[in-house]
Amino acid sequence: MGTNSDLMGTAEDFADQFLRVTKQYLPHVARLCLISTFLEDGIRMWFQWSEQRDYIEATWNCGYVLASIFVLINLLGQLGGCILVLSRNFVQYACFGLFGIIAMQTIAYSILWDLKFLMRNLALGGGLLLLLAESRSEGKSMFAGVPTMGESSPKQYMQLGGRVLLVLMFMTLLHFDTSFVSILQNIVGTALIILVAIGFKTKLAALTLVVWLFAINVYFNAFWTIPAYKPMHDFLKYDFFQTMSVIGGLLLVVALGPGGVSMDEKKKEW
């Protein structure tokens with residue numbers, strides 16, 4: 001028991017040390033990772049304009065003009081949102097715009113009926129919620145007129161919602177087979193997921209998940225090893241950047257902490 005406590009203490013010290021060294025850069029890296037999937041998708045809309053337009057036109061039978069407007073909204077909405085987030089201007093409006101893009105794509109590409117993609121899109125929404133919470137701590141609250149239980153009550157619940165939604169990403173990575181590696185990965189992954197969701201040892205758990213998820217992402221979604229003309233290249237590229245966005249969300253958890261609605265925060269009161 002003593003050894004376990006020592007090991008946990010050492011790991012937490014390492015996480016604190018990492019945070020001290022990277023404090024200035026971590027939020028910037030987190031934001032860049034978080035918006036990477038929107039950036040990639042916005043650029044793809046530009047280079048695959050006709051393919052995307054034809055797909056929407058064929059799927060929804062909505063005509064050339066409406067399909068073109070859909071692609072244009074996706075292109076401008078995503079690239080514009082990314083620019084605003086990275087330049088730290090109107091971040092809250094940018095987040096709401098990107099939420100809208102996620103909702104629109106979920107319906108337009110029939111993601112609603114594909115559980116894996118739906119959970120990943122919800123995890124992406126969780127990352128945006130954390131970004132929204134971060135922007136609230138920097139500027140004047142958008143909810144100034146709303147009565148709250150505490151000073152930053154909406155922010156706390158945004159952080160809770162963001163953490164819980166990020167967890168959905170990991171549920172899509174669980175492998176249900178009987179190999180030792182899969183079982184071990186599932187047990188460790190599930191334990192870390194639960195810690196992040198309830199906000200216990202949050203920074204250490206989130207940092208461990210970042211390392212684990214990054215390793216899985218580079219190994220399984222290596223789109224750069226597949227020729228660009230093959231459909232699998234685009235599929236893996238999409239997966240890679242979506243995962244990077246969830247990593248960005250987790251880095252925000254590391255940088256900002258779990259917020260008021262968490263066991264870490266309650267522990268301070270005990």
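Hydrogens, waters and symmetry mates are skipped; everything else that's a heavy atom, side chains included, is used.
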Kindly say whether [Y] contributes a backbone atom to a donor-acceptor pair with the side chain of [X] at under 3.5 angstrom?
| X | Y | result |
| --- | --- | --- |
| R31 | L86 | no |
| T59 | I56 | no |
| R53 | S68 | no |
| N217 | T243 | no |
| S245 | T37 | yes |
| T190 | I187 | no |

Exercise. Under 6.0 Å from the CG atom of N89, do we count more than 12 heavy atoms belonging to anything else shown?
Worked result: yes

For this session: For F90, look at atom CZ and say whether over 12 heavy atoms of other residues, nucleotides or ligands are found less than 6.0 Å away.
Result: no

Exercise. Q242 and L124: side-chain contact (heavy atoms from CB on, under 4.5 Å), yes or no, with the steps?
Worked result: CA-CA 7 Å; Q242 267 219 326; L124 204 51; 3.7 Å; yes

[atom1] of [X] to [atom2] of [Y]: how many Å apart, nearest 0.5 Å?
| X | Y | atom1 | atom2 | value |
| --- | --- | --- | --- | --- |
| I43 | E40 | CD1 | CD | 7.5 Å |
| D239 | R120 | CG | CZ | 4.5 Å |
| N221 | M244 | CG | CE | 11.0 Å |
| I101 | N121 | CD1 | CG | 12.0 Å |
| L250 | L130 | CG | CG | 8.5 Å |
| L75 | W46 | CG | CH2 | 7.0 Å |

For this session: Test V91 against L84 for side-chain contact (heavy atoms from CB on, under 4.5 Å), laying out the working first.
Result: CA-CA 6 Å; V91 173; L84 290 177; over 6 Å; no

Exercise. Salt-bridged, K155 to E134, with N to O below 4.0 Å?
Worked result: no

Considering non-hydrogen atoms only, spot the tightest contact between [X] and [Y] and give its length.
| X | Y | answer |
| --- | --- | --- |
| L128 | F38 | CD1-CZ, 3.9 Å |
| A255 | P27 | CB-CG, 4.3 Å |
| G125 | I102 | N-CD1, 4.0 Å |
| V196 | A206 | CG2-N, 3.8 Å |
| L195 | A205 | CB-CB, 3.8 Å |
| H233 | A228 | CG-CA, 3.7 Å |

Problem set entry | F70-W60 aromatic ring centre distance below 6.0 Å | no

Would a single hydrophobic cluster contain both [Y] and [X], if residues Ile, Leu, Val, Met, Phe, Trp and Tyr are joined by side-chain heavy-atom contacts under 4.5 Å?
| X | Y | value |
| --- | --- | --- |
| Y219 | V210 | yes |
| V65 | L72 | yes |
| I83 | L76 | no |
| L34 | V211 | no |
| I69 | V71 | yes |

Are [X] and [Y] side-chain neighbours, meaning at least one heavy-atom pair lies under 4.5 Å?
| X | Y | answer |
| --- | --- | --- |
| I73 | M104 | yes |
| F235 | F223 | no |
| D234 | Q48 | yes |
| C33 | V29 | yes |

For this session: Using the side-chain contact (heavy atoms from CB on, under 4.5 Å) rule, take F240 and W224 through it: C-alpha gap first, then chi angles, then the decisive distance, then the call.
Result: CA-CA 10 Å; F240 179 86; W224 51 89; 3.7 Å; yes

Exercise. Side chain to side chain donor-acceptor pair (under 3.5 Å) with E51: which residues, sequence neighbours excluded?
Worked result: none

Problem set entry | Residues which pass side chain to side chain donor-acceptor pair (under 3.5 Å) with Q78, listed by chain and number, not counting sequence neighbours | D41

Please tabulate, for the side chains in residues 108-119, all donor-acceptor contacts under 3.5 angstrom to protein atoms that are two or more places apart in sequence or on a different chain.
| from | atom 1 | to | atom 2 | distance (Å) |
| --- | --- | --- | --- | --- |
| Y109 | OH | Q52 | OE1 | 2.8 |
| D114 | OD1 | K116 | N | 3.3 |
| D114 | OD1 | F117 | N | 3.4 |

Exercise. Going through the checks in order, is the side-chain contact (heavy atoms from CB on, under 4.5 Å) test met by F241 and K237?
Worked result: CA-CA 6 Å; F241 283 104; K237 194 176 181 183; 3.8 Å; yes

Exercise. Does a donor on one side chain and an acceptor on the other come within less than 3.5 Å for N74 and Q105?
Worked result: yes

